[in-house]
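Please read the structure below before turning to the comments.
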Amino acid sequence: MTDVLHRTGPRTVAEPRRIPAPWVQRPAGLCYGGDYNPEQWPREVWVEDIALMREAGINLVSIGIFSWVLLEPREGEYDFEWLDHLMELLHDAGISVDLGTPTAAPPAWFWKKYPQALPVTREGVTLGAGSRGMASPSSPEYRRAAANITEQLARRYAAHPALVLWHVHNEYGAPVSESYDDSSVAAFRTWLQARYGTLEELNNAWGTLFWGQKYGEWDEIDAPRLSASVSNQAQRLDFRRFTSDALLQCYINERDVIRRYTPTIPVTTNFMATNCLSADYWAWSKEVDIVANDHYLVAERTDNHILLSMDADLTRSLAGNRPWMLMEHSTGAVNWQGRNIAKRPGELARNSLSHLARGADAVMFFQFRASRFGAEKFHSAMLPHAGTGTRIWREVLDLGDDLKKLAAAKGSTVTSRVAILWDVESFWAQDLEWRPSSDLNHRERIEAYYTALWQAGISTDFAHPEADLTGYDLILAPALYLVGDKAAANLKEYVHGGGNLLVSYFSGIVDANDTVPAGALPGALRDVLGLEIHEFLPLRENETVTLSNGAAGTAWSEEIHPGTATVLSLYLDGPAASGPAITRNTFGTGTAWYVSTKIDGADLTAVVLAAVETAGIKTALRPPAGLEVATRGTGEDTFTFLINHAETDAEYPATGRDLLSGETVTGTAVVPAGTVCVIHTVKGK
Ligand code: GLA
């Protein structure tokens, strides 16, 4: 145990353990279900619930996620009777169990005895108990208690026939990730010693000569608390890295206990792929047996179907293109946004099938039965307060039928020739204070470039900038502010060897320590792009500049001096007037484009599609607006999902059998407004 508690080494992760496909052996088809919290209900309701689950075709439920105090009412005293009973009921009904470890919600007795495990915010506020997700990830008391309750569960249910999956904790890092408590500060120092070895190295990496911050002893180093002015940015970045590692260590702490009892049952935890930036999921995905993701719509956005696709594509990429689980989404409105807009009829199915189209083999919801009390009583559920006479319940039944019809797609994968670079360290760094413009926004740029590809019906992966990129014909780097040495060498080699790279502004600006490399910007990408940036020229709010290709730029411009790059478009006005705006460079046998301002809509699509064409990527017919086209397959079987998010019927070329309607489609599929077709074709038939 001591080992586990003190393991704080930086950013070294074990090789992934592969669970052979199909990854969840039971249940047989696609997984369907959700979080199930029956402890909120009398036992006669459990019986009714399980009968309804069977009616809906539910074959997997996640249980026990917040039940620590019920399982261990007092420290060291256990009560498993209720869970034994629940597991038996589910098993008798043929419903498999994804068993939660309840460690996102420690009991009141724990907080009374170990208040030092409560997290402390950057502002110095100690957060109270009485909620969830609130332990300091570095607290030895928390880690010990979490490992203990996990061990009790693993020992008791190891041989239970209903158990098919372990769900460790819940959404690590939400809502609290960084903690500034004493244990965290001590663990941070240990982490820094492992990362840098000497104080001299640390002082160099953090640039502590600036503002006289040089450290003479390790114990002078604190967590980067709120201070009078801007804190050392490299220190803040390291504290983020440390926090991701500390949270990951909490997961590993529990996972390793579980593996001792059930070495062949997969273990996972639910990610929030694009939404929570407190965990570096590239590292995390190597430690889970199955990547599982939670996704919720941003109620007020009207392009949610595109954002959902992006989240799903990132999740698939984190999973190394192996099938993954949609662990949570909602049947209707959530309860935690400003205006919790309800899903419209058919949206539940479109959302679910979009995840499926992008590689998910499980469609799960939060939660089965709507809560009557507690913080989430206004959150939608599979079974709403109004019961089975509701539209939502009917749609839940329909989705269950659809998933049975799509069972053959289980285990099939998605092929993409384009990838967008996604590096959470770069986002962490870019989001720190005192950047050249408040309009710089990595997430916004990634969404814009992703949208251009989505609308063109081009399948897109995400990749870490240090990953092997050679399988891709085109790499996009929107707002990749931080590019470390390894990533810089990787991108250089990729383009030199014939790859195509499309870079947007504020990329390659700093190294892994948030330090500008020597010489002109963009240091890491200067050679590849064949240009130098001499000055950033951010634009005023609402200012627009015109480019010689007719495009309109906003937010940003810069003074560019091309070396080997060819100028494709000039600024006609604004602070960079008559200078280059968009360039293309031949580097080795590859090509690198640079877009130095914020362009959108058709202007952006034109640039992206030009790069797609140069990369030799053959595109299918551009889908009509609002029609999502996504394909997964096995080599033999191909499943083309046509998901019509628009309010008018759509047509798209397709031949095969629509698995949902059962009809044969020859030449053109007609997809009525708001509905989905899944066209199945078999090679050679
Ligand atoms: C998260 C949590 C769930 C629930 C939902 C509500 O995803 O994991 O427990 O709170 O949000 O949307």
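Given the structure is predicted, the values throughout are model-derived calculations rather than measurements. As the structure lists them, so they are numbered: ligands from 1, and atoms in each ligand from 1.
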With a 6.0 Å cut-off on ring centres, are F239 and F188 close enough? yes
Less than 6.0 Å separating the ring centroids of H329 and F366? no
Going by atom types alone, do [X] and [Y] pair a side-chain donor with an acceptor below 3.5 Å?
{"X": "D280", "Y": "S244", "answer": "no"}
{"X": "W324", "Y": "T315", "answer": "no"}
{"X": "Y261", "Y": "E151", "answer": "yes"}

Do E628 and R358 sit within salt-bridge range, that is, some charged N less than 4.0 Å from a carboxylate O? yes
At a 4.0 angstrom heavy-atom cut-off, what protein residues surround ligand 1? F66, R132, N170, E171, D294, Y296, E328, W336, F366, E376, H379
